[in-house]
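Notes to accompany the following structure.
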Protein chains: 2
Amino acid sequence: MDSVSVSSPQDGARLESRRTRILDAAEKLFAEHGYDGVTLRAIAREADVDVALANYHFGRKHELFEATFMRRAELLNRWRIRALDEAIASAAPEAPSVRAIMDAYLYPLLHGPHLSDPAWRSYYALVAYVNNSTEWGGKLMSRFFNPMVDRFIDALRKALPNAPEEALFWGYHCLSGALTLAFAQTGRLDKLSGGVCSSEDLEAAYTHIVAFVTAGFEQINLSVE
Amino acid sequence: MDSVSVSSPQDGARLESRRTRILDAAEKLFAEHGYDGVTLRAIAREADVDVALANYHFGRKHELFEATFMRRAELLNRWRIRALDEAIASAAPEAPSVRAIMDAYLYPLLHGPHLSDPAWRSYYALVAYVNNSTEWGGKLMSRFFNPMVDRFIDALRKALPNAPEEALFWGYHCLSGALTLAFAQTGRLDKLSGGVCSSEDLEAAYTHIVAFVTAGFEQINLSVE
DNA sequence: GCTAGGCTTCAACAATTGTTGAATGGGGCA
DNA sequence: TGCCCCATTCAACAATTGTTGAAGCCTAGC
């Protein structure tokens with residue numbers, strides 16, 4: 001596929017420009033309002049493009065959505081896998097600690113070129129939307145992310161040899177939920193904390209989530225089953 | 001308001017029946033497809049009722065949504081507050097433990113009359129949808145749940161005297177996210193675990209989430225800031 | 001029995017939806 | 001120059017959207 005050109009047009013001048021502009025607009029709007037809350041005309045307006053062009057490039061609406069979702073998913077998977085491999089390598093021959101695994105899972109989200117990139121923030125909100133949606137959202141998540149997640153769970157299994165299988169998966173579920181809500185950036189935390197915390201402060205989110213879920217996972221190993 | 005009659009019609013025979021049937025249908029469909037994914041006609045069809053009747057009873061579409069959301073929110077708040085008060089009373093004069101607080105927060109969700117009630121499950125999925133939605137969802141959550149959440153955070157503050165404010169709120173954020181995702185019942189965990197876990201097994205969710213987030217909160221108190 | 005009034009239905013509205021097929025543009029290649 | 005192919009625009013489609021106002025039903029009170 002052509003998802004290589006996430007941030008850089010690749011060939012003929014600006015041949016792709018309209019196409020990627022549509023993707024960018026779709027990413028932003030889908031993240032804000034969900035699939036059904038966005039019309040193709042709104043996307044076209046945001047991208048400053050004719051309505052029919054979205055259909056021409058991506059086919060049906062749900063295909064545009066999937067293309068938007070997929071575009072950065074591969075990047076993310078690659079970065080996470082690499083971080084995990086590095087953690088494994090630097091801990092060898094021991095298994096990496098839970099903390100190191102959590103770092104590998106969360107660090108690439110924030111410490112790339114994209115912490116300051118609003119498009120990536122939109123994408124995270126889009127993932128949050130998909131992860132919590134009941135219908136084909138779950139299938140999308142599984143299709144694109146499960147192989148990567150499997151590797152992380154495998155690492156956790158080695159780091160927590162006493163943990164029952166079930167608890168590992170529920171632990172990941174907690175991690176995923178916490179992450180998802182943080183990335184949805186609903187602004188609810190701001191109001192709840194009276195300004196002490198900011199939903200947009202993903203750096204702080206990273207710090208606190210890592211500490212929280214690390215303890216959550218380590219407890220699994222200790223509890224008597 | 002009339003949100004007292006959640007599961008039982010109160011007065012004139014079946015005067016409320018069509019009205020509550022609309023609420024029930026809206027609850028189910030909004031939970032499954034989100035706000036924009038549901039049409040008033042679909043709700044009317046599900047409730048076996050004329051289209052115009054929803055407008056007659058609830059006004060505009062977003063007012064129907066809010067009515068649906070609010071109906072059970074008050075119940076839920078009452079149960080949780082009561083559970084928290086009991087935990088405080090039975091621990092007095094000490095502050096209740098983190099574990100006891102988490103129990104008070106989570107127990108009422110599952111151990112009422114409604115673990116087997118599919119309507120309550122729909123409602124939980126609806127809350128999950130609202131909690132993660134970017135637009136007015138956050139405002140709805142804040143409006144209906146924040147006072148109750150404030151009380152729980154206050155209890156946590158006393159149970160974790162060394163915890164910095166910021167960490168308390170981010171901890172709650174993790175808890176809320178984990179809970180939300182579990183209640184969305186996306187079925188993703190089933191596939192990921194290869195059948196070991198079931199998204200529909202809310203009892204198991206309860207057990208694992210309580211253990212996970214209790215450890216997550218307790219770690220806050222230990223870490224040197 | 002009659003009437004008032006809330007509940008329910010019917011029919012229709014203007015606006016908007018995703019999608020399409022034909023027409024237009026323009027650049028590369030023969 | 002002329003031709004072809006790709007990207008883009010234009011105009012329109014049938015279907016569906018939320019919402020409304022007028023008309024019918026049905027029970028409670030007189």
Side-chain angles (χ1 to χ4, degrees), chain A residues 1-3 5 8-30 32-69 71 133 135-137 140, chain B residues 1-3 5 9-30 32-69 71 133 135-137:
Chain A
M1 279 294 166
D2 44 20
S3 57
S5 64
S8 61
Q10 47 189 5
D11 50 28
R14 199 143 287 92
L15 277 187
E16 290 282 88
S17 86
R18 276 183 159 88
R19 203 186 119 99
T20 53
R21 248 157 54 204
I22 292 174
L23 277 178
D24 292 341
E27 184 173 67
K28 177 184 173 194
L29 294 179
F30 280 141
E32 283 174 6
H33 308 106
Y35 179 77
D36 294 294
V38 176
T39 76
L40 287 175
R41 283 175 168 81
I43 295 175
R45 202 179 317 124
E46 172 86 20
D48 194 30
V49 143
D50 191 88
V51 210
L53 202 55
N55 283 97
Y56 172 76
H57 279 298
F58 300 97
R60 316 219 96 98
K61 184 186 178 186
H62 73 93
E63 295 178 287
L64 168 60
F65 186 87
E66 292 192 19
T68 307
F69 183 77
R71 179 169 60 151
S133 76
E135 359 196 29
W136 47 292
L140 266 188
Chain B
M1 281 291 167
D2 44 18
S3 57
S5 64
Q10 49 189 4
D11 50 26
R14 198 144 286 93
L15 277 188
E16 289 282 273
S17 86
R18 275 183 159 86
R19 203 184 116 100
T20 52
R21 248 158 54 204
I22 292 175
L23 276 178
D24 292 340
E27 185 173 66
K28 178 184 171 194
L29 294 179
F30 280 141
E32 284 174 6
H33 309 106
Y35 179 76
D36 294 294
V38 176
T39 75
L40 287 175
R41 284 175 168 82
I43 295 175
R45 203 179 317 125
E46 172 85 20
D48 195 28
V49 144
D50 190 89
V51 210
L53 202 55
N55 283 97
Y56 172 77
H57 280 298
F58 300 98
R60 316 215 96 93
K61 184 187 178 186
H62 72 93
E63 295 179 286
L64 168 59
F65 186 88
E66 292 192 20
T68 306
F69 183 78
R71 180 169 60 151
S133 74
E135 359 197 28
W136 46 291

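In the text below, chain A, chain B and the rest are named by the order of the sequence lines, each starting its count at 1.
- Between the P atom of D/dT17 and the NE2 atom of B/His62 lies a distance of 19 Å, rounded to the nearest Å.
- Qualifying salt bridge (Lys or Arg N to Asp or Glu O under 4.0 Å) partners for B/Glu46, counting only residues two or more places apart in sequence or in other chains: B/Lys28.
- Smallest separation of non-hydrogen atoms from A/Val51 and A/Arg41: CG1-CG, 3.4 Å.
- In this structure, A/Glu63 places its CD atom 10 Å from P of C/dT20, rounding to the nearest Å.
- Going from atom CD1 of B/Ile22 over to atom P of D/dT19 covers 14 Å, rounded to whole Å.
- Residue B/Tyr56 places at least one side-chain N or O closer than 4.0 Å to OP1 or OP2 of C/dC7.
- Considering only the side chain of A/Val51, C/dT19 comes nearest among C/dT19, C/dT9, D/dT17.
- The listed nucleotides are C/dT8, D/dT9, D/dT19; the one nearest the side chain of A/Asp50 is D/dT9.
- Between D/dC6 and A/Arg19, no contact under 4.0 Å exists linking OP1 or OP2 to a side-chain N or O.
- The shortest non-hydrogen separation linking A/Leu23 to A/Thr68 is CD2-OG1, 3.5 Å.
- Between A/Arg21 and D/dT8 there is no side-chain polar atom (N or O) within less than 4.0 angstrom of OP1 or OP2.
- In this entry the distance linking CZ of B/Arg45 with P of D/dG18 reads 11 Å, nearest Å.
- Proximity of B/His57 to the phosphate of C/dG6: no side-chain N or O atom is located under 4.0 Å from OP1 or OP2.
- Note: CG (A/Asn55) to P (D/dA12) measures 18 Å, nearest angstrom.
- Distance, A/Ile43 CD1 to C/dG18 P: 8 Å, rounded to whole Å.
- For B/Arg41 and D/dG18, a side-chain-to-base donor-acceptor distance below 3.5 Å is present, hydrogens and geometry of angles not being considered.
- In this structure, B/Arg60 places its CZ atom 14 Å from C1' of D/dT17, rounding to the nearest Å.
- Of the candidates D/dG18, D/dT8, C/dC7, the closest approach to any side-chain atom of A/Leu53 belongs to D/dT8.
- Note that the NZ atom of B/Lys61 and the CG atom of B/Asp36 stand 5.5 Å from one another [nearest 0.5 Å].
- OP1 or OP2 of D/dC26 has not a single side-chain nitrogen or oxygen of B/Arg18 nearer than 4.0 Å.
- Which of D/dT19, C/dT19, C/dT20 sits closest to the side chain of A/Leu40 comes down to C/dT19.
- Ring geometry for A/Tyr35 versus A/Phe65: interplanar angle over 60°, hence perpendicular rather than tilted (30 to 60°).
- Remark: P of C/dT8 and CG of B/Asp48 are 12 Å apart, rounded to the nearest angstrom.
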